[in-house]
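To keep things clear, I will list the structure first and then write my remarks on it.
Chain identifiers are assigned alphabetically (A, B, ...) following the order of the sequence lines, protein sequences preceding nucleic acid strands; residue numbering begins at 1 within each chain.
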Number of protein chains: 2
Amino acid sequence: MSLPYVILGFLQYAPATGYDLKKTFDVTVRHFWPADQSHIYRALAELVERDAVRVEEIPQSGRPNRKLYHITERGRQELISWLRQPAAVSRVRNTALVHVFFAGNLKDADVLTLLEAYENGLREELACYRRIPDMLHDVAPFRPSKRESFFWMLTLEYGIVLVEAQLAWVRGVRKRIQAKQYVSTVEDLPEEGKAVREKKRRGR
Amino acid sequence: MSLPYVILGFLQYAPATGYDLKKTFDVTVRHFWPADQSHIYRALAELVERDAVRVEEIPQSGRPNRKLYHITERGRQELISWLRQPAAVSRVRNTALVHVFFAGNLKDADVLTLLEAYENGLREELACYRRIPDMLHDVAPFRPSKRESFFWMLTLEYGIVLVEAQLAWVRGVRKRIQAKQYVSTVEDLPEEGKAVREKKRRGR
DNA sequence: TGCATATATAAGCATTTTCCTTTATATGAT
DNA sequence: ATCATATAAAGGAAAATGCTTATATATGCA
């Protein structure tokens, strides 16, 4: 689970409260590691337990005291050693593809409707990414170096590249369906599947 | 959750046991909806409860009885109506991107090592996709129509397109790091961030 | 005047997802 | 002769995620 390490990553720059962190998450890593309040507060509690962060409680009146979390030396070390371990390829679940896989059950018109909705969702996502650089300026005490800023932008670039690839795919698919050309760029399953399979079997 | 609907989708073609279904999953939908044995057996139990499938128990000696699951009329209807509802955009968690985001903490050499590992993982995934069409021939009682087969191949095409987009991205990134050109195709955060921000603030 | 929003934290529950273990036997490979 | 693999099913536990609710006040907008 990356969540605690993302938190450590941000606390390196400056101490922050859970509330601050939530806001930071939403304009930085949300597209590849979304987290909500409850996740963040829970993770912070665990980090305190293993002394990766320490709390400084700042009294306030009228609302809960601020709990400012500071990263510890131990936390820094944990972060670095985690960063050095290569990540396993993260598997993805994609409901839209399940729809496509079993789309044989629907009429072309219905499939096209689904795909249009999917395409709109993708376009919204893209628009969202485009707004991120500006939002970054308004948040938090970050003064990244050129190199750091480069890495940040790379994750955005990744998001944009991937969404664009999906858009290209979905547009191509829609066109083919509209033209009733049910062909894929991947080698089609032979329709005489059975015969071919029998042949293979005998061949063994 | 798509899992029960994927199961219904396959049971449309022919009745199957949990064991059969597991094998089918692994050569068809694994790249966008992986499932292991325990998921499948649990989902089947739920489907029986709501009468979307029915069990036919076939006695065997020496090993557990086969439980052959048949889709019911109700199950067919459930599947169709689920398929017609547009899917929400599925959010993705990506540990590799967390690494990139905080790569400022590592030396270029270490980052390059990580990226190389990531690239290798992607290449393996791609190789895996390339094998799927052949594997499909060896499984199960499917005799898809040309149109159906088209939809199946589309999901593969999607997987391939996406992995290739990621490969292109990671290769580009490695090159830029090797050349120490820390620039992104996305507009960089201005280094004089503070000044710009102050200006904005005054402007409000 | 009233309503939404920002500030601040956190518990609680439901659901999902993963991972691991157990039970049995036949078959084929080393 | 032994070891791995295929066949078949399912329970248990833990981790991760998602969603809701509660508490309290200041501030700005309509």
Completion exercise
Taken in chain and number order and not counting sequence neighbours, the residues that satisfy ring-ring contact (aromatic ring centres under 6.0 Å, His included) with A:F102 are B:F10
Fill in the blank from the handout: With B for base contact, S for sugar-phosphate-only contact and - for none (protein heavy atoms under 4.0 Å), nucleotides 7-13 of chain C reads BBBBBBB
Problem - Aromatic ring pairing B:Y13/B:W152, orientation class (parallel under 30°, perpendicular over 60°, tilted between) - result: perpendicular
Exercise for the section: Identify whether the distance between the nearest side-chain nitrogen and carboxylate oxygen of B:E57 and B:R66 falls below 4.0 Å. Expected result: no
How many Å lie between [atom1] on [X] and [atom2] on [N], as a whole number?
X	N	atom1	atom2	answer
B:H39	C:dT15	NE2	P	16 Å
B:Y5	C:dT16	OH	C1'	15 Å
B:E57	D:dA10	CD	C1'	13 Å
B:I40	D:dA8	CD1	C1'	13 Å
A:E46	D:dT17	CD	P	11 Å
A:D26	C:dT5	CG	P	16 Å
B:R30	C:dT17	CZ	C1'	17 Å
A:K22	C:dT5	NZ	C1'	16 Å

Handout entry: Per B:D36 side chain, nearest of listed nucleotides C:dT16, D:dC19, C:dC19
Key = C:dC19
Practice task
Under the side-chain contact (heavy atoms from CB on, under 4.5 Å) rule, what do A:R74 and A:Q77 come out as? Steps first, then yes or no, please.
Solution key: CA-CA 5 Å; A:R74 190 201 177 94; A:Q77 278 166 21; 5.6 Å; no
Handout entry: Crowding at CZ, A:R176 (>12 non-hydrogen neighbours, <6.0 Å)
Key = yes
Handout entry: Phosphate OP1/OP2 of C:dT18 contacted by A:R93 side-chain N/O (<4.0 Å)
Key = yes
Exercise for the section: Report the residue from B:R171, B:R123, B:R130 that forms a salt bridge (charged side-chain N to carboxylate O under 4.0 Å, His left out) with B:E164. Expected result: B:R130
